[in-house]
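To start, the structure itself, in structure tokens.
Convention: sequence-line order gives letters A, B, ...; per-chain numbering from 1. Quick caveat, the model's predicted, so the values are computed rather than measured.
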Amino acid sequence: MFHKILRNACAVSCSHIGNYTFCPVAKRVQYLWPSLVLSSSQPSHYPRVSLSTFSKPEVAKSPQEEKQLEVSKGAEKDPTKDNQEGTQTTSKGHEETSQNTEDEEDSGEATRKRKEKYRQKYTVNSAVITKTFFDDMKRKNKETFLASIDVFIMRDKYLRGHVEFIYAALKNMKEFGVHRDLDAYKKLLNVFPKGKMVARNIWQVEFVHYPKQQYCAVDLLEQMEDFGVMGDSEVEEILANIFGPTSWPSRKHWRMMYWMPKFKNLSPWRLPDPLPFDSLELVKLAIQRITSVDPATQITIYQAKDLDDASDDTWIVSGQSPDQQSLIGAHAADRPIYVEGAFRVWLRDQCINYFILRAEPKVRVREERDEDDVGELRHVYQEDYSGTVMVKPLVHEQEDGTILAVCATGTSSRDSVVSWIRFLQDTNPRLGTDISVVFTLKSPVGPTDTLDPTSLSQSDQEALLSEDMGKGLFGGTLGYDSNNADLSQWGIGRLSDSRFINWPHHFNPKFGQQAEPTERLSDPPEQRTSRLGSSEGNENKKVS
Amino acid sequence: MLGQIVLKKFPKSLLLGNNWGVGIYGSSWNASRHFHKSCPCERFHEIDPKGEWRDEEGRARKKREFLVGKGLDDLYGIKTGFKDLRQEIGKWKNEWKEKLTDDSQLHLVHGDRDLVFNFKNKESLEQWTTLADSDHEQGFSKCQLTTSPAGKALFQGFISTTVPKDGRVKKAGYANMKCDRKMKSFYRESYYDWSAYTHLVMRVRGDGRSYILNLSVAGYFDITWNDIYHYVLFTRGGPYWQFVKIPFSKFVFASKGRVQDIQEEVPLHEIASVGISVGNIEGPFCLEIDYIGLEVDAMHTEEHAYEQYEMPKGIPNS
């Protein structure tokens, strides 16, 4: 059965005669093991992927030849010039020349050095492997990661330490930015030798043939799953070639292929993958998500600098629907409208602050009457009905308040929110003139985060400090330590994966106390700076 | 393709424990959409319902005390048991009365909704317990269950994905709230019987994060102690309340966070407890819950959402 698969699968123009095949690359005939099941993407007789055209390095070579080979290898792989291999070449060269001169004098010393070099070259020590292949890389990107794997495959015919290497690679994938890249995982899987570890009888299947390698592959697939990387049929083939279809990694992959598609698109509020990097785009998505209750919501982007007296130069994304505008129009003039914030909304792993415009809830009087009271019996034909139709409450009218608008600003500061209200007066002329607008920190809608205490008035700051501090878990209505105005009091470390888009502390140098922005390791290097403030080229525009 | 030769689609589980070599590590429960965990695996039987969080010292102490031999007072708690006897008999009588006269589920029709947990005051929170990974020294997350400014239950806290450096934990960051077991007379554990219903309904106000709803169906036998049915609750975020209606047919069967190969519909007559979990993403979280209830929807005829496949011979543990 496997012969047929082999022949059908092989795409390279190797000619097969029975169990022999001719490889045009190495220009020799090779015996084809019948039990090998090989991937279609490789020459059929190669037991593993080898992207380089060089032959495998031999151990017993004269120092000069070895040096030449390594130099030529270094030249072939241009991107890896920065890495250890390059430096190794020069140091080895130096060692070799010194070795030659001292050869006659101290043969014991030479033997020791040669053994040391051999041990270093073929080490299984995971610390050394991590350092050599990953930590010492100057440029960490997909190219160098894949080249690292190539170098590892090339250096030793027997792939000593490949499990340790794969574990080290898995740990370093995030730093290289390839943790969500299927190609990197495939390349890493291809490090395993093919055919050798396939179980051939029920005992091997049951007793986890090559358990260390199987567990390693399972951990690799687990990391893929953690980062939401879905495999494909090629991964299935590779795993079948390496471990066989009865192995744990194969089965785990099948399970991933069954469940991941089922869970992938469950969210009713679909977000692009990956999320846009630009803060403004993210905030637009957030406001769209929040206001998706009312499909007629119009989302507008304002620029604070369009106002004369705004001190904050930032963008403001505001969402309001015609229903909400009519609610403001019908609002009683003696009752104020509150601006509350800052609340949090998450988009996958990015946290955005937003503010709301809220009015007191409309109290609907419910007639309390005792159904069992015989004296109060009513008959449907004798009832007096008022004749008016009860208006169904709008989705904005909730029992804890009527939500009249939602916004998010670049800096989440008091100033920017004031600017927002000014902009809202264009479509809601009663705001601020007829109806007073009050800025509050507390809200019945939920816990708020006071992120900008410096913009509060003195009395407000004192009020904030006098509240129960330390009892709550984090700031706003639950206690806030204004002397320690940064996110680290909440445990958000410097290199957190989550991004806090428009939180003033920690990310906005304007708020000064923590000037160092938090970087995400998974961000592309050229974008690893704090990303706040206005986004160029965005005029006042209506987004539906 | 090999996949076409061998039946290829299998639901997911990882039944082996990761006990390779000296560095035995168990990753803490990752309450994400993937919900998996690799735990120090008890292969033959579960020693304690609490699993790896069992109190070893307490167990050893109990064993010692049992073997030492004490007076009738302490032996088997006989004396204290007699004190409670009257109360418990009263409870037991009431239970039988309820059982024989209960018709609450007989007259349910399409569209009926009933509340199970109504978080209208502080007393309603007493039957819920919160848990975070910091409670088990597996992480640094914090959580609390309080009353929100609107008067509803507020489950909030902070998830920290910092992994403690003890060599055991691989991933960190979870928090969870779980309701206490329903108890019968004589301190027997009982179940919720939701067999007449088809949907779980909730009114929540989340922060945009995804939470996991857990229905524990722990039974008498130890292999069922960790059986939980999960479903991911996606929250909109924002100031608007969100009404969620989840069919029981969509719940996924898992054990210790690992989705199992053989899926079945939720055994609605033996629900042990309900829980809500969050985790995986570093940062603060907050979920406001108005109520958790049940609904009867006669139009929903799906029994179970996840198709099953026949396994080929020769694949162990399936």
Side-chain angles (χ1 to χ4, degrees), chain A residues 5 37 202 205-206 211-212 215 218 222 225-226 233 236-237 240 245-246 248 251-252 254-259 262-263 266-269 286 289-293 343-347 349 351 356 358 395 398 400 403 406 442-447 473-474 477 490-493 496-498 500, chain B residues 1-3 5-6 8-14 16 18 20-21 30 32-34 36 38 140-144 148-151 154 156-158 160-162 171 205 207-210 232 234-241 252 259 261 281-286 288 305-306 309 314-316 318:
Chain A
I5 295 164
V37 179
I202 54 169
V205 170
E206 184 60 39
K212 186 174 177 181
Y215 293 178
V218 161
E222 177 109 336
E225 196 187 317
D226 281 349
S233 49
E236 187 180 337
E237 266 187 71
T246 54
W248 290 109
R251 295 178 62 199
K252 177 158 176 84
W254 289 333
R255 287 172 186 130
M256 281 165 68
M257 288 294 91
Y258 179 86
W259 286 110
K262 287 192 195 296
F263 294 143
L266 278 183
S267 174
W269 303 280
R289 188 184 173 112
I290 293 170
T291 54
S292 57
V293 278
F343 304 99
R344 267 178 259 122
V345 66
W346 285 89
L347 292 176
D349 58 351
C351 191
I356 61 170
R358 189 189 69 93
V395 69
Q398 303 190 126
D400 48 12
I403 315 295
V406 171
K442 279 192 178 178
S443 171
V445 162
L473 290 176
F474 27 78
T477 48
W490 302 335
I492 298 172
S496 166
D497 275 347
S498 313
F500 298 83
Chain B
M1 293 296 131
L2 262 178
I5 297 162
V6 175
K8 64 179 167 179
K9 291 199 173 85
F10 298 94
K12 179 176 81 167
S13 84
L14 189 66
L16 53 85
N18 241 331
W20 166 254
N30 171 11
S32 74
R33 66 182 182 278
H34 312 297
H36 51 252
S38 105
F140 304 98
S141 313
K142 297 176 278 193
C143 66
Q144 62 176 186
S148 74
L154 180 65
Q156 62 176 346
F158 189 92
S160 169
T161 50
T162 314
K171 265 192 97 156
R205 184 155 56 186
D207 57 348
R209 279 180 97 127
S210 4
V232 182
F234 292 96
T235 53
R236 189 194 300 117
Y240 297 99
W241 282 97
V252 175
V259 181
D261 282 357
I281 294 170
E282 182 157 36
F285 69 90
C286 127
E288 210 175 328
Y306 306 107
Y309 290 83
I315 300 222
S318 52

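In this structure a side-chain-to-backbone donor-acceptor pair under 3.5 Å is missing from B:Arg236 to A:Ile290. Under a 3.5 Å cut-off, the side chain of B:Arg209 and the backbone N or O of A:Asp349 do not form any donor-acceptor pair.
With a 4.5 Å cut-off on side-chain heavy atoms, A:Val445 and B:Glu288 do not count as touching. Looking at heavy atoms from C-beta onward, B:Pro284 lies in side-chain contact with A:Arg344 at the 4.5 angstrom threshold. Residues A:Phe263 and B:Val232 have side chains not in contact (no heavy-atom distance under 4.5 Å, counting atoms from C-beta outward). The closest side-chain heavy-atom distance from A:Asp226 to B:Lys171 is below 4.5 Å. In this structure, the side chains of B:Pro239 and A:Phe343 stay at 4.5 Å or more apart for every pair of heavy atoms.
Both the backbone and the side chain of A:Leu266 come within contact range of chain B, judged by heavy atoms closer than 4.5 Å. If you measure heavy-atom distances from B:Thr161 to chain A, you find no contacts under 4.5 Å at all.
Taking B:Phe140 as the reference, nothing meets the ring pair (Phe, Tyr, Trp, His ring centres under 6.0 Å) condition, with sequence neighbours excluded. Listed by chain and residue number, B:Asp133 satisfy the side chain to side chain donor-acceptor pair (under 3.5 Å) test with B:Ser141 (two or more places apart in sequence, or in another chain).
In this structure, the separation between CD1 on A:Ile403 and CH2 on B:Trp241 is 11.5 Å, given to the nearest 0.5 Å.
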